[in-house]
Amino acid sequence: DVYQVPGVGTVVCGTCLSGVIRLNDVLLLGPDVLGAFVPVSVRSVQRKRLPVAEVRGGQTASFALKKIKRSMVRKGMVMVARALEPKACWEFDAEILVLHHPTTISPKYQAVVHCGSIRQTAPILNMSLPHLRTGDKAYCRVKFLKNTEY
């Protein structure tokens, strides 16, 4: 979630998946609409409405960010360490197992990708099989429709 708090600025909420995020850490926020990551400084960290010095992997928290406008943040963006050198992507390869589907799935079918905080439509570009039905498994090339993702 993203909030604009008067007197504080932009506040983002989420789960630290691994590592440690500390007060005044400089992280990369992205990807933006162009697929770029921008440096952000963590102004404050709160857990359950109480200020804390750090957050460890597996914990959820709210982070106040310096010099970031609310309009620059969208759902699905991530904050990562600079050392990771993150890159955004439009396309990815996936192994798909159809548990149940009432119709036949073929290339150009538009599925919705649910992965972590990502919720985005992604058409299937090509598949290792000509068609997929319930119970079938195939390797597919998928492309996000609206934004790049990490």
Is there a path of hydrophobic side-chain contacts, each under 4.5 Å between heavy atoms, that joins [X] and [Y]?
X      : Y     : value
Leu129 : Val98 : yes
Val42  : Leu29 : yes
Ile21  : Val38 : yes
Leu28  : Leu84 : yes
Leu27  : Val73 : yes

| task | Using the salt bridge (charged side-chain N to carboxylate O under 4.0 Å, His left out) rule, collect all pairs that involve residues 16-25, keeping only residues at least two apart or in two chains. | result | Arg22-Glu54
| Pairs involving residues 121-144, ordered by first then second residue, that meet salt bridge (charged side-chain N to carboxylate O under 4.0 Å, His left out) (sequence neighbours left out) | Glu91-Arg141, Asp93-Arg141, Glu95-Lys137
| field | Flag, side chain of Arg43 to backbone of Val8, donor-acceptor distance under 3.5 Å | value | yes
| field | Backbone N/O of Ser71 and side chain of Arg74: donor-acceptor pair under 3.5 Å | value | no
| field | Pairing residues for Gln46 by the side chain to side chain donor-acceptor pair (under 3.5 Å) criterion, not counting sequence neighbours | value | none
Approximate separation, where rounding is to 0.5 Å, of [X] [atom1] and [Y] [atom2]:
X      : Y      : atom1 : atom2 : value
Leu145 : Gln110 : CG    : CD    : 5.5 Å
Met127 : Ser106 : CE    : OG    : 6.0 Å
Met72  : Leu65  : CE    : CG    : 10.0 Å
Met77  : Tyr150 : CE    : OH    : 13.5 Å
Tyr139 : Asn126 : OH    : CG    : 14.5 Å

| Are any of the side-chain heavy atoms of Pro123 and Val142 separated by less than 4.5 Å? | no
| field | Candidate pair Met79 and Val40, rule side-chain contact (heavy atoms from CB on, under 4.5 Å), full reasoning | value | CA-CA 8 Å; Met79 292 193 314; Val40 295; 4.2 Å; yes
Using every non-hydrogen atom in the two residues, find where [X] and [Y] come nearest and quote the distance to one decimal.
X      : Y      : value
Arg56  : Cys16  : O-CB, 3.6 Å
Val11  : Ser62  : CG1-CB, 3.9 Å
Cys140 : Ile96  : SG-CD1, 3.6 Å
Trp90  : Lys146 : CH2-O, 3.5 Å
Phe37  : Ala88  : CE1-N, 4.0 Å
Cys13  : Tyr3   : SG-CE1, 3.5 Å

| Checking side-chain contact (heavy atoms from CB on, under 4.5 Å) for the pair Asn147/Gln120: CA distance, chi angles, key distance, verdict? | CA-CA 8 Å; Asn147 297 315; Gln120 192 175 157; 4.0 Å; yes
| Going by an N to O cut-off under 4.0 Å, is there a salt bridge joining Glu149 and Lys75? | no
| query | Excluding sequence neighbours, so at least two apart, what forms ring-ring contact (aromatic ring centres under 6.0 Å, His included) with His101? | reply | Tyr109
| Residue pairs involving residues 27-39 (criterion side chain to side chain donor-acceptor pair (under 3.5 Å); sequence neighbours excluded) | none
| field | Under 3.5 Å side-chain donor-acceptor pair for Thr10 and Gln4 | value | yes
| task | Answer yes or no: does atom CZ of Phe92 have more than 12 heavy-atom neighbours from other residues, nucleotides or ligands under 6.0 Å? | result | yes
| said: Checking one residue: Leu125. Which other hydrophobic residues are in its cluster under the side-chain 4.5 Å linking rule? | reply: none
